Amino acid sequence: MYVYILKRLMQAIPVLFLVTIIVFSMMFILPGCPARTMLGEEATPQEVASLRRAMGLERPIVVQYAEWVGNLLRGDFGRSLQDGRLVFPTLISRLPATIELLIASLIVSFTIGIPIGIISSLRRNKPSDIFARIFALLGISMPNFWVGLMLILIFSYHLQWLPATGRGTIANLILPAIALGTASAGLITRLMRSTMLEVIGLDYIRTARAKGLRQSIVVYKHALKNALLPVLTVVGLQMGYGLGGSVITETVFAYPGIGRFAYQRLMQRDFPMIMGNLLLFAIMFIVINIIIDILYGFLDPRIRYD
Amino acid sequence: MEKYEDKLKAVSADVQGLRTGTFKRLLRNPTALIGMIIIGFAVFVAIFAPYLAPYDPFAMSLPRSHEPPSLEHPLGTDFFGRDILSRIIHGTRISLVMGVIVVAIRAGIGIILGLIAGFYRGIVESFIMRFTDAVIAFPAIVLALAIMAFRGQGLFNVMIALSVVGWTGYARLVRGEVLSLREREYITAARALGMRDFRIIFRHILPNCFASIVIFATVGIAAPIISEAGLSFLGLGARSDQVTWGFMLSTGRQYLRDAWWTVTFPGLAIMVVVLGFNLLGDGLRDVLDPRLRE
């Protein structure tokens, strides 16, 4: 098992290396000079030249990259161009709010997706199955920001049940979590339905039924355990999707997380913050997926570690 | 040698048979049929937008600002008194064109990288697949936003940003298909006949990946439509002289409390078109790849 974990961690190293190259190369996909873009068109050539020197842009790219990665390894992601604040601590301070939202959205998508998926598979082609499939399709077809706006319109403006903006209470979390979790709920419903249908057709389920076990025991004790495993892999992907979705959802709900902050800094062209943000999102995605892989190894003994 | 040539012909005949029968089977599949009707309708609306729209989508009339839905303006008017139905009809154009172009570019990049990785294997495959993993690690919309921040606002940049981020699925899919296809007998036969790699890849491997690519691309059109709307919603996509559904949502959002129709209907338009592509994708999967059927 330790070998497997070590192997999985080693696999992440080249990916992380390529992630840093992609983020670093962002600086150079600009049409023209990065310093000019940062300062704007009205900056004088002297100002541009001085920023170029300050940023070390005169040196060979490889040297710049090596220095940048060296700083990253020491936890130095640079300073904001807008307010001079250190990038890493600023981003980290926004992270808890977003993690809260991501977990809440996962709870929403799993508590909706799993039961509906199970019911749908057990009542195949019956009205409840058709309804579940329509729900799942609508869920994945609605843009999350529009769902968010509709939720604000109905539950905040008309019914006045829940707040439209802010953070601090569970009530603040409900609408953004539903907006962010709806599409995932649709995906999980579809996945749950198809894996359950697959598992229900297997020999060991037929054996369980032949033994005379009750339907509820066959479904929940035998089938569900195995059908849930593929759904687990979706968690990693959904976290990645949620990180992306948080940018728009947090903006819609004025939720003070890292997603909204990323959007604000993007609009201000605060490049060190943007690069730090991209890097942090990518590292989080990689780490989450490593954890899921290892967890999957624990839960499914068929997975071999060598 | 003749035996192998016969086998190659037989495989080609199978692929041909699949193509001719597909459309008929799609018409018999209710999911695909509803999807095709929705998409067909959207394409019709996009082509004939100037004839179908009751008003000029840019014609302002401040006295008619925020009129609720009525017989005169079935979906109401926005802050500037512009007819929302007409704007939605014109917005169909950008959404569909953006969806198709972005998917074509994504598929192009992904197919080429997937073919190379799967066919040549070894270090080339390792590098391409690790690079793919690295790109997947970035949430697509954030990477697209960053590219937009570096390159600036505009639909052309939206197209570039969305194309750069979404090809990874195609690369993984095609590589997977190639890995199994390259071991088949008819590929060994093609090699034995002395065919060059280029010809084997594009003539004998790629056509056999088409079923999966078509399903993936059809469902895939939905994603850039939503992403474009998202970027325009954040104020990074369309300019004010262009009509897109995302931009309509972005401007309507400020008046959500007083004029719900400015936000509700453009969002519904996005949902219906995306639903159409998802339905067609599901139907195509049932018809072309019965192994994947739910």
Side-chain angles (χ1 to χ4, degrees), chain A residues 11-12 14-19 21-23 26-27 29-31 34 37 133 137-138 140-147 149-150 152-153 157-158 190 193-194 197 240-248 251-252 259 262-263 265-269 271 274-275 277-278 281-286 289, chain B residues 31 126-127 129-152 160 164 219 222 225-227 229-231 233-236 245-246 249-250 252-253 256-258 260 263-264 266-268 270-279 282 292-294:
Chain A
Q11 279 173 1
V15 178
L16 271 172
F17 169 68
L18 288 167
V19 160
I21 288 187
I22 292 172
V23 173
M26 281 282 188
M27 291 281 287
I29 61 163
L30 294 160
T37 315
R133 292 171 74 181
L137 261 171
L138 286 178
I140 57 171
S141 303
M142 292 188 288
N144 60 13
F145 49 94
W146 181 69
V147 175
L149 292 173
M150 290 297 103
I152 291 176
L153 180 68
Y157 293 164
H158 286 301
R190 283 159 73 99
R193 179 181 183 274
S194 58
L197 284 176
Y241 167 80
L243 279 175
S246 70
V247 176
I248 303 186
T251 306
V252 169
Y263 169 64
R265 293 306 166 114
L266 277 161
M267 296 307 274
Q268 294 164 350
R269 297 186 139 200
F271 295 108
I274 298 172
M275 289 164 75
N277 227 312
L278 273 176
F281 276 1
I283 292 170
M284 280 172 67
F285 183 83
I286 292 169
N289 278 286
Chain B
T31 315
S126 292
F127 177 76
M129 295 329 288
R130 290 299 81 75
F131 182 65
T132 307
D133 289 344
V135 176
I136 290 173
F138 297 99
I141 193 85
V142 184
L143 192 56
L145 270 169
I147 294 169
M148 298 291 299
F150 280 87
R151 292 194 59 90
I160 292 178
V164 167
V219 179
I225 291 177
I226 291 186
S227 301
L231 290 173
F233 176 75
L234 292 174
L236 283 163
W245 296 335
L249 283 172
S250 171
R253 179 189 162 200
L256 180 63
R257 192 187 287 268
D258 308 312
W260 56 269
V263 168
T264 306
L268 275 176
I270 299 172
M271 190 189 81
V272 170
V273 169
V274 169
L275 184 67
F277 283 106
N278 283 331
L279 284 168
D282 278 9
L292 298 173
R293 198 173 297 174
E294 277 184 81

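Here is the naming used below: chain letters follow the sequence lines, and residue numbers restart at 1 for every chain. Small disclaimer: the values here were computed from a predicted structure and weren't measured.
- One distance of note links CG of A:L153 with CG of B:L256; it measures 4.5 Å at 0.5 Å rounding.
- Within the 4.5 angstrom heavy-atom criterion, atoms from both the backbone and the side chain of A:I140 approach chain B.
- Contact tally against chain B (heavy-atom pairs below 4.5 Å) for A:L137, A:V247, A:I274, A:N144: the top residue is A:L137.
- With chain B as the partner, the residue from A:I22, A:V23, A:L16 showing the most heavy-atom pairs under 4.5 Å is A:I22.
- Using a 4.5 Å cut-off between heavy atoms, B:V135 contacts chain A through both its backbone and its side chain.
- Of the atoms belonging to A:M284, not a single heavy atom falls under 4.5 Å from chain B.
- When the candidates B:V273, B:I136, B:V272 are compared by the number of heavy-atom contacts under 4.5 Å with chain A, B:I136 comes out ahead.
- Two residues are said to be in side-chain contact when any heavy atoms from C-beta on lie closer than 4.5 Å; A:F285 and A:V19 fail this criterion.
- For B:F131, the parts sitting under 4.5 Å from any heavy atom of chain A are the backbone and the side chain alike.
- A:R133 and B:D282 are not joined by a salt bridge, as no carboxylate oxygen comes within less than 4.0 angstrom of a charged side-chain nitrogen.
- B:F127 and A:L18 get closest at one heavy-atom pair: CE1-CD2, 4.0 Å.
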Inset, instruction - For the pair B:T132 and B:M129, evaluate side chain to side chain contact (heavy atoms under 4.5 Å, CB included) and give the outcome as yes or no after the intermediate values. - result: CA-CA 5 Å; B:T132 307; B:M129 295 329 288; 4.3 Å; yes
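- Ranked by heavy-atom pairs under 4.5 Å with chain B, the first of A:V147, A:I286, A:V252 is A:V252.
- Using modelled atom types and a 3.5 Å distance limit, the side chains of A:S141 and B:N278 yield a donor-acceptor pair.
- In this structure, chain B has no heavy atom under 4.5 Å from any part of A:Y241.
- For the residue pair B:V274 and B:A222, the shortest heavy atom distance occurs at CG1-CB, 3.5 Å.
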Legend entry - Step-by-step side chain to side chain contact (heavy atoms under 4.5 Å, CB included) determination, B:L234 to A:L266: CA-CA 11 Å; B:L234 292 174; A:L266 277 161; over 6 Å; no
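- Not counting sequence neighbours, B:R253 has no partner by the salt bridge (charged side-chain N to carboxylate O under 4.0 Å, His left out) test.
- Shortest non-hydrogen contact noted between B:A144 and B:L231 is CB-CD1, 4.4 Å.
- Using a 4.5 Å cut-off between heavy atoms, B:L268 touches chain A through backbone and side chain atoms alike.
- With a 4.5 angstrom heavy-atom cutoff, A:M150 touches chain B only via side-chain atoms.
- The residue among A:L243, A:I248, A:N277, A:N289 with the most heavy atom pairs within less than 4.5 Å of chain B is A:I248.
- Heavy-atom distances place both the backbone and the side chain of B:A229 under 4.5 Å from chain A.
- For the options B:L279, B:T264, B:L143, B:I270, heavy-atom pairs under 4.5 Å to chain A are most numerous at B:T264.
- In this structure, chain B has heavy atoms under 4.5 Å from both the backbone and the side chain of A:P143.
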